[in-house]
*Asks:* 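Handing you this structure, nothing more for now.
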Protein chains: 2
Amino acid sequence: MNKSAMTTAASFAFDASRCLICSARNLNMCGALEQDELSKLSKIARCESFGSGEALFHEGDTANTVYNITDGAVRLSSTLKDGRRQVIGFLFSGDFIGFSDRPNYPWTAEAVRGAKVCRFGRNDIAKLGRELPKVEHRLLEMATSDIASAQEHITMLGQGSAAEKVSSFLLMLSRKAAQRGGVANPVHLPMTREDIADYLGLAFETVSRCFTRLENEGLIAIGSIRVVRIKDAEALADYSENE
Amino acid sequence: MNKSAMTTAASFAFDASRCLICSARNLNMCGALEQDELSKLSKIARCESFGSGEALFHEGDTANTVYNITDGAVRLSSTLKDGRRQVIGFLFSGDFIGFSDRPNYPWTAEAVRGAKVCRFGRNDIAKLGRELPKVEHRLLEMATSDIASAQEHITMLGQGSAAEKVSSFLLMLSRKAAQRGGVANPVHLPMTREDIADYLGLAFETVSRCFTRLENEGLIAIGSIRVVRIKDAEALADYSENE
DNA sequence: TGACTAAATTGATCCCGGTCAACGTCAGTC
DNA sequence: GACTGACGTTGACCGGGATCAATTTAGTCA
């Protein structure tokens, strides 16, 4: 599909000291653990790096691996029989991939413009969960947070106009960037307009038109294609008027 | 809002013997527990009954309670500032209400045409989870299942045409009924056309037209307003052609 | 049973956003 | 610097589904 996915995933094991300096540690599963517990986790972890467009796995693959994202962005998507694609979500540093009860992945995961992840065997994590209830507790917290995101996504898809969807999307990216300690305002968009469209249930032309319109109305300034500055967050929030 | 919500919720405590004969037991949180553990759970449970349209709680209420549904159907919905409503989901016997990390409920929960639930204090469940890791494990399983449902909902909202949405909806209700041990084929619809519309992101007139169209095409037979018989499941599945 | 109201159906019209097409822009490569 | 192909923007047109409106059906209660 994506011809620019030329890089091969690099993979290597690492020790607990690496975890201690991991910038995503407090955001993801590992944040719940003490140093000695962390060494248990690090023993079953593998660090991997993916190039732009490269797939971590494909829809339908046997689901025997889960991931913590430590850097970059990952796109989760499902494809229908006729080729239409729904982007389920964009995941960033601190996010977890793998909440599924099925034997095969129900989605494809691809690095948007490069990503680094910690990879775990599903069975290893299940075993660790039985040994350390903290791990399962933390996973439940993260699953709960995923449910909240999915429900916001549902409301946006079901009730939003095109402009509302794009506004909500920009505010969401801004909020997420802040949550992981990044800059909230010049919003960085690693994904293409088509990715955004497939996330929002729109045509990519419509996304493009909405960006232009929001800029003309003075709500945003499009610095470059991948950088948008929010000029009037209030008005933008009014567009995406979820209670 | 709903003037027919005249019944007042009945509430009473009960002992573990009641749990043993609960038809929803193996579907929900309690299924993971042995008899002695079940008695712990039953001590913190309250059984409640809600009439048609009656609210378990409203969006914004302090979220200090969670629920297991034991009978009937519950509608979860969020309302936007301007009054538009998104139905997040329909929950049935065996389903859990309360996966949220926020201090206040992000949705309103209402009995569709009457429902029975087991009610638990959020703190009590958290405490029980620390004592019995099985409980947290089971909650994680249920949360994972909720994520899968939400993601299917997202794909349907983002990529489906009106007819596809309605077809998927009927098949989903049928599947869910079978999962909880009910009849799969004459599908029972406790909710109104407007409820369905707000779930699917459509106008209720469009939902009505789709029903008529599916009937004219011979895919379904509308017995009464609330009972639809699936005549051609294959063709119906082709409409909702998710891979 | 009839009166009343909510829910559902059906028709007519309109508009938002999809589709198709042309063009512009940028990054990488030779 | 010219070529190339992916990505993005803009315009023209069209159709699916929203909206408004009228009518029918179902459900509830006196």
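Letters A, B, ... mirror the listed sequences (proteins, then strands); counts begin at 1. Atom set for the values below is all heavy atoms of this structure, side chains included, hydrogens, waters and symmetry mates excluded.
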*Asks:* Tabulate atom names and distances for all N/O pairs under 3.5 angstrom spanning the protein and nucleotides 21-28 of chain D.
*Replies:*
none

*Asks:* Between C:dT10 atom P and B:Phe211 atom CZ, what is the distance in whole Å?
*Replies:* 13 Å
*Asks:* With a 4.0 Å cut-off, would you call A:Arg175 and A:Glu152 a salt bridge?
*Replies:* yes
*Asks:* Between A:Thr212 and D:dT10, is there a contact of a side-chain N or O with OP1 or OP2 at under 4.0 Å?
*Replies:* yes
*Asks:* I need the B:His58 NE2 to B:Thr108 OG1 distance, nearest 0.5 Å.
*Replies:* 5.5 Å
*Asks:* Output yes when A:Glu217 and A:Arg213 qualify as a salt bridge under the 4.0 Å nitrogen-oxygen rule, no when they do not.
*Replies:* yes
*Asks:* Roughly how far, to the nearest 0.5 Å, is the CG atom of A:Asn64 from the CZ atom of A:Phe57?
*Replies:* 10.5 Å
*Asks:* Rounded to the Å, how far apart are B:Arg85 CZ and D:dA18 P?
*Replies:* 15 Å
*Asks:* Measure CZ/B:Arg209 against C1'/C:dG11 and give the value in whole Å, please.
*Replies:* 7 Å
*Asks:* With sequence neighbours left out, write down each residue that passes side chain to side chain donor-acceptor pair (under 3.5 Å) with B:Gln159, or none if nothing qualifies.
*Replies:* A:Gln86
*Asks:* Taking only residues two or more places apart in sequence or in another chain, which ones pass side chain to side chain donor-acceptor pair (under 3.5 Å) with A:Arg226?
*Replies:* none
*Asks:* By side chain to side chain donor-acceptor pair (under 3.5 Å), which residues pair with B:Asp198, not counting sequence neighbours?
*Replies:* B:Arg85
*Asks:* Send over the distance from A:Leu214 CG to D:dT10 P, rounded to a whole Å.
*Replies:* 13 Å
*Asks:* Restricting to nitrogen or oxygen on both sides, can you table the protein-nucleotides 13-17 of chain D pairs closer than 3.5 Å?
*Replies:*
{"unit_1": "D:dG17", "atom_1": "OP1", "unit_2": "B:Ala162", "atom_2": "N", "d": "2.8"}

*Asks:* Could you tell me whether B:Lys81 and A:Glu164 make a salt bridge, using a distance below 4.0 angstrom between a side-chain N and a carboxylate O?
*Replies:* no
*Asks:* In whole Å, what is the span from the CG atom of A:Leu189 to the P atom of D:dC7?
*Replies:* 15 Å
*Asks:* Output the rounded distance in Å from CG (A:Leu200) to P (C:dC16).
*Replies:* 19 Å
*Asks:* Pair up each side-chain donor or acceptor in residues 178-186 of chain A with any protein partner under 3.5 Å, not counting sequence neighbours, and list the distances.
*Replies:*
{"unit_1": "A:Arg180", "atom_1": "NH1", "unit_2": "A:Lys176", "atom_2": "O", "d": "3.4"}
{"unit_1": "A:Asn185", "atom_1": "OD1", "unit_2": "A:Ile230", "atom_2": "N", "d": "2.9"}
{"unit_1": "A:Asn185", "atom_1": "ND2", "unit_2": "A:Ile230", "atom_2": "O", "d": "3.1"}

*Asks:* Roughly, in whole Å, what's the span from CD in B:Glu215 to C1' in C:dT9?
*Replies:* 12 Å
*Asks:* Report the distance from atom CD of A:Gln159 to atom P of C:dG17, rounded to the nearest whole Å.
*Replies:* 13 Å
